[in-house]
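Have a look at the structure below, then the notes.
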There are 2 protein chains.
Amino acid sequence: MTVTIDGVTTVLHRSGPDGEGVCVPDNCPCDDGACTLSKYVRTTAESRSEGHHTLEETESAVATMLAGMSVDMESMAAVQNIYRAANAVRKRLESSVLAPHDLTWTGWVVLWVVWIWGDIETRHVAAEAGISKGTLTGVIGTLEKRGLLKRRTHPDDARRVLVSLTPKGKKLMVVLFPKFNEEESHVTAALTAAEKASLAGTLRKVALQVEPD
Amino acid sequence: MTVTIDGVTTVLHRSGPDGEGVCVPDNCPCDDGACTLSKYVRTTAESRSEGHHTLEETESAVATMLAGMSVDMESMAAVQNIYRAANAVRKRLESSVLAPHDLTWTGWVVLWVVWIWGDIETRHVAAEAGISKGTLTGVIGTLEKRGLLKRRTHPDDARRVLVSLTPKGKKLMVVLFPKFNEEESHVTAALTAAEKASLAGTLRKVALQVEPD
DNA sequence: CCCGTCTCGTTCGGATCCGAACGAAACTCC
DNA sequence: GGAGTTTCGTTCGGATCCGAACGAGACGGG
C-alpha cells in the first residue's frame, strides 16, 4: 500500500517481525498487537502521562519492545538528546550571560567569529556561524546599529564586504568571553573531564558525518 | 580595574599564571607574552586562516597553551560541539525529510508531541517542545492552517486550549516518522552502538543539570 | 569590446523566536 | 457577593531564520 501526501509518496508496512500486513494511518495507534509502531506510540504516551522522567523511561520501554525492529532507538535517543541539550544550554547561556548585554545567541556567535578572525568577509562569517547569508545581513545590521562592529567594501572586489569589531565591540568581547566560559563550566559541571572529552569527540564525529569540513 | 558596558560591571584581570597586570580591551589580542587570552585569540585566528579542521586544531593548541588557566577548554569544547552537532543535524533532517513535506523543525516537534499525547493542553506542548507560549500560538496557527491539527477550548477551564491531530495530521506522522528515524540513523552512522548510548547518557546529564525535570 | 555566466550581498515574504503586556477566566479570602 | 491575585493564551514589537530572486560586480571566451 502506498500513501501520497503533499506530492510525496511513501510505501507503508507494518513494522512487525514478519513485515506483513498494512498500517492504516488513521488508526494509529491501533489495537493490532503485532503492530510495533502503535505499541511504541502508546507506551510513550503512557509513560508521559505519569509525569515521570520523560526520555529515559520512554527510551528504555520502547527499546525493549522494538529490539531488532525497524525503529532505530539508539540513533533516535542520540539525536533527541543532542537537540534537547543544545536547546537547554543555549537558553541558559542566553539568559544568564548574553541577555544582560542585550545580545542574542547568534549575535554572540557572529561577534565571536569576527573577534577571532579580525577583518573577515561576510560570506565566511555566515559559513562559520552556520547561518545563511540573508540572515547574516540582518544580524550584522543589528550589531552595527549597536556600534559593536563595522563593515567596509573589499578593496579588490566590490561585491564583497569585510567586517571587524569596533573598539566598543572588542571591549565587550574581553568582558563577556570569561563570563560565557564560566557559564560553560557550570552547564557541564555534572560531567567528569573524561566525559567532556568523550562528548566533544563523539559530537565532532556526528558533525563531520553531516557536514564534512 | 573595572569596566562597565551597558550597565554591567566586570572586573578585568590578566589570565596569566600570576594573575597580575591588567588587560587593555582595545589591545586584545596584544603583544604581552604573558597574556594567555591574547595567545588564545591569536592561535585560533592562525589555525583558521590556514583552512585546517576548525575546532580540532584550535582546541588542541589552546588547551596546551592554557592548561591550568582560567579558560575552561574542556567545557568550551563540549558546549561548542553540542551546538555545532545540533545545528548540523537539524539542518540535515530539515532539508532531507521535513522540507519535502513543507514542515519546519519546530512544526515537526509540535506534531510529534501532539501525536504522542493525543488531546493535550497547549501549555504542556510548549513545555515539551521547549518553546515559549507565544511562539507556540504562532506555530499552532500555521499547522492548523495546513489542516494538520485542531484546537478546542478545555471543557472545564475556558482559559485552556487543547490540541489534537486531524486525520491528515495522523497520516502524515505515520509516513514521516519512519523517514525521520531513518535519517537519524544516517546522521549517527559514524558512531558505534556504545558511543550512541554513551552520548545520549552524557547529554542527558547536561540537560538535567541545566533544567531539572 | 561585448556577451554570457557566475558570484556576492541585499531584499523579500513567510515562519520562528522571545519577553512583556493584555484581556479573560479561575480561585481565594473577607 | 465583591475585591484582589493568579493563571492562561493571545497580541505586540523586535530579532532571527530560511530560500528565492534581484542588482551589481567579476571573469572568461569569442
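Note on naming: letters A, B, ... go to the chains in the order of the sequence lines (proteins, then strands), and numbering restarts at 1 for each one.
Across all strands shown, T122(B) has heavy atoms under 4.0 Å from sugar-phosphate atoms exclusively, and none from any base.
Between F180(B) and W108(B), the two ring planes are parallel [angle under 30°; tilted spans 30° to 60°].
Taking atom NZ of K133(A) as the reference point, atom P of dG23(D) lies 16 Å away to the nearest angstrom. Rounding to whole angstrom units, CG of residue L136(A) and C1' of dC8(C) are separated by 12 Å. Nucleotide dC8(C) holds its C1' atom 13 Å from the CD1 atom of I140(A), rounded to whole Å. If you take CG of D156(A) and C1' of dA24(D), they are 17 Å apart, rounded to a whole angstrom. The distance between atom NE2 of H154(A) and atom P of dT7(C), rounded to the nearest whole Å, is 17 Å. If you measure from atom CD of E144(A) to atom C1' of dG9(C), you get 13 Å, rounded to the nearest angstrom.
Applying the salt bridge (Lys or Arg N to Asp or Glu O under 4.0 Å) test to residues at least two apart or on different chains, none of the pairs has a partner in residues 132-144 of chain B. Listed by first and then second residue, the ring-ring contact (aromatic ring centres under 6.0 Å, His included) pairs involving residues 134-159 of chain B amount to none (not counting sequence neighbours).
Looking at heavy atoms from C-beta onward, E182(A) lies out of side-chain contact with V97(A) at the 4.5 angstrom threshold. Taking the side chain as every heavy atom from C-beta outward, Y83(A) and V89(B) never approach each other to under 4.5 Å.
If you find the closest nucleotide of DNA chain D to D157(A) and to H124(B), the one lying nearer the 5' end belongs to H124(B). For E121(A) and E94(A), each mapped to the nucleotide of DNA chain C holding its nearest heavy atom, the one lying further toward the 5' end belongs to E121(A).
Taking all atoms of both residues into account, the shortest heavy-atom contact from E195(B) to T202(A) is O-CG2, 4.2 Å. In terms of heavy-atom proximity, L98(B) sits nearest to W105(B) at CD1-CA, 3.8 Å.
For S75(A), the side chain to side chain contact (heavy atoms under 4.5 Å, CB included) partners are D72(A), E184(B), S185(B), T188(B), K196(B), not counting sequence neighbours. Residues that satisfy the side chain to side chain contact (heavy atoms under 4.5 Å, CB included) test with A129(B), not counting sequence neighbours, are V109(B), V110(B), I131(B).
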Please write out the pairs of protein N or O atoms and N or O atoms of nucleotides 4-7 of chain D separated by less than 3.5 Å, giving the distance to one decimal.
residue, atom, partner, partner atom, Å
dT7(D), O4', R159(B), NH1, 3.4
dT7(D), O2, R159(B), NH1, 2.8

Could you write out each protein N or O paired with an N or O of nucleotides 13-17 of chain C at a distance under 3.5 Å?
residue, atom, partner, partner atom, Å
dT16(C), OP1, T104(B), OG1, 3.1
dT16(C), OP2, T142(B), OG1, 2.8
dT16(C), O3', T106(B), OG1, 3.2
dC17(C), OP1, T106(B), OG1, 3.2
dC17(C), OP2, T106(B), OG1, 2.1

